[in-house]
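As a basis for the values below, the full set of heavy atoms in this structure was taken, side chains included, without hydrogen atoms, waters or symmetry mates.
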Amino acid sequence: MDAVIDRHRMWFNTLTGQVASVQKWSSTTVTSSGGGGYVHPQYGGVISAPTISSNVQNHQTFWIVAPDGQEIQIDQDGIKGDFPCREGQSVSVIWGGKKGKQNGKFLALRNNVTHQIGYFSDNVYTEVFSEIGTSWVKLTAFYALFIVAYFFALLMVIQGGNHHSHDGDPRAVIALVLFGVILIGGFFHAYSVRQSLLARYRKYVLAMLDKTDGTENVFGRTEARGIIFSFIVPLLPSVIVLLLGFAYAYHPKNEASPSVVRESPASMDNMKE
């Protein structure tokens, strides 16, 4: 099955069959941290015991056997969360990749008896759908540029305030606080966009899993974004911040003019004498 997702041509394959040869086991990882100390021969000391922690991880592998005899082995370690199933249940799996690549990646599973969905790891989706990684890189670059522009604007505001006033400008302190807010907010914005793209592509994958005909489906954007929307609009905040900082730092201030004492004619006559 073929599809066009955000202008990228993709291929997908599905397989529906019965679960067979289910194997389950668990592994335990033991770690030690801390501990140690020092005992002085005269003054003594303290030796603390290390902290021992253990982590138990459950594993499961099974085969999906199609009616035509085709078999696929599934390792649950690559699935997010649990995907319970037992032998004899009907399970569907979908895998795919970009056109031109022969080897695809498993993307999702569905237990057709319990209707439970299992998705493979986020790294798999990032590898298959390049738009996820590209959007993360773009947002990171634009926010980094904005932070640099904001930093330079902040320096200009501080220098401008110190140049025109001995007490500085309290707005510089507010700008410094906003700097941290923008830094944290930018990270969460990039993260939320990434999670939104992951949810959208999982929705497309499920749509392809339910697809029965051979027509080509189209999902997401169908036209390329123009250079204005892709680059100029995201750069506008950085440019505006720099211009505002420059305008504030270097525009003429209204400073108090020195007082002029006008002498009386009588005093001027006394000075002449």
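- Cluster annotation: Phe83 and Leu206 are assigned to distinct hydrophobic clusters (Ile/Leu/Val/Met/Phe/Trp/Tyr, side-chain heavy-atom contacts under 4.5 Å, transitive).
- To the nearest 0.5 Å, atom CH2 of residue Trp63 and atom CD of residue Gln23 are 10.0 Å apart.
- In terms of heavy atoms, Ala3 sits closest to Phe12 at CB-CE1, 4.0 Å.
- Ring geometry, Phe129 versus Tyr125: the interplanar angle falls under 30°, so the pair is classed parallel (tilted spans 30 to 60°).
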Requested in this report: Determine, stepwise, if the pair Ile132 / Arg194 fulfils side chain to side chain contact (heavy atoms under 4.5 Å, CB included).
Outcome: CA-CA 6 Å; Ile132 299 176; Arg194 183 176 184 270; 3.8 Å; yes
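- Between Ile94 and Met208 the shortest side-chain heavy-atom distance falls below 4.5 Å.
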Pairs of donor and acceptor atoms involving the side chains of residues 67-75, under 3.5 Å and at least two apart or interchain, shall be tabulated with distances.
unit_1	atom_1	unit_2	atom_2	d
Asp68	OD1	Gln70	N	3.1
Asp75	OD1	Asp77	N	3.1

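- Between Pro84 and Asn111, the closest heavy-atom pair is O-ND2, 3.4 Å.
- Residues Lys98 and His8 form a side-chain contact, since some pair of their non-hydrogen atoms from C-beta on lies under 4.5 Å apart.
- Contact of the Thr14 side chain with the Val93 side chain is not registered, since no non-hydrogen atoms from C-beta on lie closer than 4.5 Å.
- Proximity of a side-chain donor or acceptor of Gln116 to a complementary backbone N or O of Asp82 within less than 3.5 Å is detected.
- Between Met10 and Val205 there is no side-chain heavy-atom pair separated by less than 4.5 Å.
- Defined by atom type and a distance below 3.5 Å, a donor-acceptor pair is missing between the side-chain atoms of Lys24 and Thr61.
- In this structure, Ile5 is a member of the same hydrophobic cluster as Leu198, with clusters built from ILVMFWY side-chain heavy atoms closer than 4.5 Å.
- Between the side chain of Gln89 and the backbone N or O of Arg86 there is at least one donor-acceptor pair closer than 3.5 Å.
- Proximity of a side-chain donor or acceptor of Ser192 to a complementary backbone N or O of Phe188 within less than 3.5 Å is detected.
- Here the shortest heavy-atom pairing between Val19 and Val22 reads CG1-CG2, 3.4 Å.
- In this pair, Phe106 and Phe120 present their aromatic rings parallel. The plane angle is below 30°, not in the 30 to 60° band.
- Note on Ile64: it clusters hydrophobically with Trp95, by side-chain heavy-atom contacts below 4.5 Å among ILVMFWY residues.
- Partners of Ser90 according to the side-chain contact (heavy atoms from CB on, under 4.5 Å) rule, which considers only residues two or more places apart in sequence or in another chain, are Thr16, Asn112.
- Clustering ILVMFWY residues whenever any of their side-chain heavy atoms sit less than 4.5 angstrom apart, transitively, puts Val128 in the very cluster that holds Leu209.
- Scanning all heavy atoms of the two residues, the minimum distance from Leu197 to Glu131 falls at CD1-O, 3.9 Å.
- By the 4.5 Å heavy-atom criterion applied to side chains, Arg200 and Phe219 are not counted as neighbours.
- Proximity of Tyr119 to Leu109: side-chain heavy atoms (C-beta onward) are nowhere separated by under 4.5 Å.
- Two residues are said to be in side-chain contact when any heavy atoms from C-beta on lie closer than 4.5 Å; Asp2 and Lys99 meet this criterion.
- In this structure, the side chains of Asp122 and Lys80 come closer than 4.5 Å at one or more pairs of heavy atoms.
- Residues Gln60 and Cys85 approach most closely at NE2-SG, 3.8 Å, considering heavy atoms.
- Side chain of Trp11 to backbone of Gly100: no donor-acceptor contact under 3.5 angstrom is found.
- Hydrophobic clustering (ILVMFWY, side-chain heavy atoms < 4.5 Å, transitive): Leu107 and Ile117 are in one cluster.
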